[in-house]
Amino acid sequence: MLNQLVAAYNEAVYDTDRDAAFAVVQRALDGGVTPEQVVFDVVLPAIEQMMGGIAEDFNSNLAQHFMTAQIASEVTEAMVGRFAVKPEVLGRVIIGTSRGDLHTLGKRIVTGCLKTYLVEVHDLGVNVAPERFVEAAIEKGASVIAISSMMVHTARSEEGCVAVRRLLADAGLEERIRLVVGGAPYRFDPQLYRKLGADAWAADGVTASKVISKLIVEVTPWTMA
Amino acid sequence: MTRLVAAVEGRRADRIPVFCNLLDQGAPHLGMSSEEYFSRGEHVATAQLELRERYGYDNVWSLAYVGKEAEFLGCKDIAFAPDGPPNVRDFVLKTPADIEALEVPTNLADTPAFEQSAACLKLLRDEVGGRYPICAYLTGSMTLPALLMGMDKWMELLLLGPASLRDDLLTKCSDFYDAEARAYRAAGADVLLYANGFGSTDFLPKRLFDALALPWMKRDFAPGGVDGVVYYAGTARLNPVLNDVVEQLDIRAFYLSPFDDLTEARQRLGDRGLLSGVLNDIPIADFTPEQVRDEVTRIIQAGKVSERFLFGTAVMPLNIPEANIRALMEAALANAAW
């Protein structure tokens, strides 16, 4: 039954049909599926299927990524309130766009998907100074700083990823906090993240959520301090 | 111009056309800040003419940057950067009421906002009109809202919002495209680069491409036609929609994505139109000049199987070293000859 639900839910998401996706969730709940199962056995596998499809180049598109995140985040938010036991967060992430960059879509998709992984996301918004990323990560106990840049000069800027890497090194935080980047320049130059000192990158917002989740587990145990 | 006309008609001139986009490079070339450079049409025209002369490519650009069209529609706050292109800082549309209040100028050429664009085009026309194609950048109705309200708010309205509000906005954006195309054509632009990311299945599923993108694009072109129009999806891939665009819109020139397979594109298009092979110019800042030459050679050799071919660049970031721009152009011109 759960496999059928995942398939029906994903079909709705691929069709960018929010109402149909919510109808699938409602049918599941009516049929006795628990809110926990909806999140972990339907929505999360659906996100991972979308990632698998992206990796195999099945020509997914931005609208589908947007709707994957939007619907997953809405469903998770609605379901978590109905969980039998309040779930523990997997970890914490600081996200924002690099200095001078005002593009918000990428981090919105990442944030939406991360909610389903039960990651607590602190969004610093746009045009974020490198110091602010690091201060916020320390303040919130975050395991990952995620920096989105849609333009070459904001990705490569001395006030972007490069500066955050330097600040983490200077503060001796490199083993505690991982640095992830994403955005168009990284798709056009897949080695760019290394040149700028990031630990990882992702080609799209949906895949980024998985990359970030893996890094959180790498850095910090599941039970957060 | 003879090279471009020959390529469009499927004939051989002395070589294939080579297009290059060195718009932002005009500021350092003239020793100006980006803000000062883009503030005067004559600055942009002067730099375009001198850079074309220096490198030997076949086109010039009129005044354009992401956000210029937002300025035509009332944006007052553009973020200029010393090391990159200008961008919109404050969006014109923040509420549904803003969409209702948005006014599209019928005669864009008569507005103060178009004054510097017109000045740029006049200088270009006076200096190289009829000899080198003068290019203008126009954003299609489906993509223009991203510049007016931000990409994520536009996705929200497009996919989740009320259809009537979405269509009100698209109607205004489509009317604006027509006004802009008329203004640019009248001012002397030969090539209208029709930029529309949402005209690609990298942005929308095919179902929405058919249901929304195609009808709105048809509306964009209904009043003024497609003369001089080059279809471009802002570096998104075109191969999956090439046939639809030819058959439904009758557009015959395509500026591909660097990620499009050129051979596949030619197979899909046949001899129905002009294709550009486009260099992925973002990583070339870190290439050696030899690597740049190899990549340019590869693209031109793959595309020059047809007379209906030109070579072009994508965004040409400012961090590309002079030696690599030289290598790019030397390789392009060396491989371009028939």
Side-chain angles (χ1 to χ4, degrees), chain A residues 13-19 54 57-71 74 97-109 111-112 126-127 148-160 183-192 194-196 203-205, chain B residues 24 34 66-67 77-91 146 150-156 158-160 197-198 200-209 211-213 234-237 239-240 257-259 279-287 314-320:
Chain A
V13 171
Y14 290 164
D15 269 351
T16 64
D17 189 338
R18 177 182 174 276
D19 293 344
I54 293 168
D57 194 21
F58 85 127
N59 288 326
S60 69
N61 51 69
L62 193 60
Q64 287 169 334
H65 298 178
F66 176 82
M67 290 302 273
T68 297
Q70 181 72 26
I71 297 168
E74 284 184 47
T97 73
S98 51
R99 186 69 126 179
D101 204 301
L102 307 168
H103 298 83
T104 52
L105 181 64
K107 70 181 174 65
R108 177 168 170 167
I109 294 173
T111 302
V126 297
N127 189 25
S148 170
S149 309
M150 277 301 288
M151 298 188 289
V152 173
H153 72 287
T154 58
R156 300 187 73 129
S157 161
E158 284 298 318
E159 293 184 278
Y186 302 100
R187 276 205 312 278
F188 283 86
D189 183 355
Q191 293 307 312
L192 183 57
R194 288 183 196 277
K195 297 169 197 166
L196 304 182
D204 62 90
Chain B
D24 297 331
S34 172
V66 172
D77 194 358
I78 297 289
F80 290 91
D83 51 356
N87 206 356
V88 176
R89 180 154 44 205
D90 189 34
F91 293 114
M151 187 65 161
D152 65 330
K153 293 295 173 197
W154 171 228
M155 290 292 266
E156 207 173 292
L158 180 67
L159 298 169
L160 299 165
F198 286 84
S200 158
T201 48
D202 279 356
F203 275 57
L204 292 177
K206 186 66 167 55
R207 178 179 68 82
L208 292 180
F209 175 85
L212 286 171
T235 68
R237 291 172 295 179
N239 274 354
S257 162
F259 295 138
L279 175 71
N280 176 5
D281 47 31
I282 287 181
I284 70 168
D286 300 314
F287 280 15
V315 294
M316 291 300 282
L318 267 173
N319 65 333
I320 300 173

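Excluded from the calculations below are hydrogen atoms, water molecules and symmetry mates; all remaining heavy atoms, backbone and side chain alike, are included. Order of the sequence lines fixes the chain letters, A, B, ..., with proteins taken first and strands second; residue numbering starts at 1 for each chain. Bear in mind that the values here come from a model prediction, so they are computed numbers and not experimental data.
For A:Gln191, no part sits under 4.5 Å from any heavy atom of chain B, backbone or side chain. Only the side chain of B:Phe259 has a heavy atom closer than 4.5 Å to any heavy atom of chain A. For B:Val66, no part lies under 4.5 angstrom from a heavy atom of chain A. Residue contact with chain A, scored on non-hydrogen atoms closer than 4.5 Å, involves the backbone and the side chain of B:Pro85 alike. There is no contact between A:His65 and chain B, counting heavy-atom distances below 4.5 Å. Using a 4.5 Å cut-off between heavy atoms, A:Asp15 touches chain B through backbone and side chain atoms alike.
Nearest heavy atoms, A:Arg156 versus B:Ala285: NH1-CB, 4.4 Å. Heavy atoms only, all atoms of each residue included: A:Pro185 and B:Ile282 are closest at O-CG2, 4.0 Å.
Shown here are the salt bridge (Lys or Arg N to Asp or Glu O under 4.0 Å) partners of B:Asp152, two or more places apart in sequence or in another chain: A:Arg108. Residues satisfying the side chain to side chain contact (heavy atoms under 4.5 Å, CB included) test with A:Ala203, not counting sequence neighbours, are A:Arg187, A:Trp201.
A 4.5 Å side-chain heavy-atom check between B:Pro317 and A:Met151 finds every atom pair outside the cut-off. Between B:Lys206 and A:Asn61 there is no side-chain heavy-atom pair separated by less than 4.5 Å. In this structure, the side chains of A:Phe188 and B:Thr235 come closer than 4.5 Å at one or more pairs of heavy atoms. Residues B:Arg89 and A:Leu102 have side chains in contact (heavy-atom distance under 4.5 Å, counting atoms from C-beta outward). With a 4.5 Å cut-off on side-chain heavy atoms, A:Leu62 and B:Met151 count as touching.
With rounding to the nearest 0.5 angstrom, the CZ atom of A:Arg18 is 6.5 Å from the CG atom of B:Leu160. A:Lys195 contributes atom NZ, which lies 3.5 Å from atom CG of B:Asp286 (distance to the nearest 0.5 angstrom). Separation of atoms CG (B:Asp83) and CD (A:Glu159) is listed at 9.0 Å; rounding is to 0.5 Å. Atoms CZ and OH, on B:Arg207 and A:Tyr14 in that order, are 14.5 Å from each other to the nearest 0.5 Å. To the nearest 0.5 Å, atoms CE (B:Met155) and OG1 (A:Thr104) are separated by 11.0 Å.
Listed options B:Leu158, B:Leu208, B:Asp202, B:Val315 were ranked by heavy-atom pairs under 4.5 angstrom with chain A; first place goes to B:Asp202. Interface remark: of the candidates B:Ile284, B:Asp281, B:Leu318, B:Leu159, B:Leu159 forms the most heavy-atom pairs closer than 4.5 Å to chain A.
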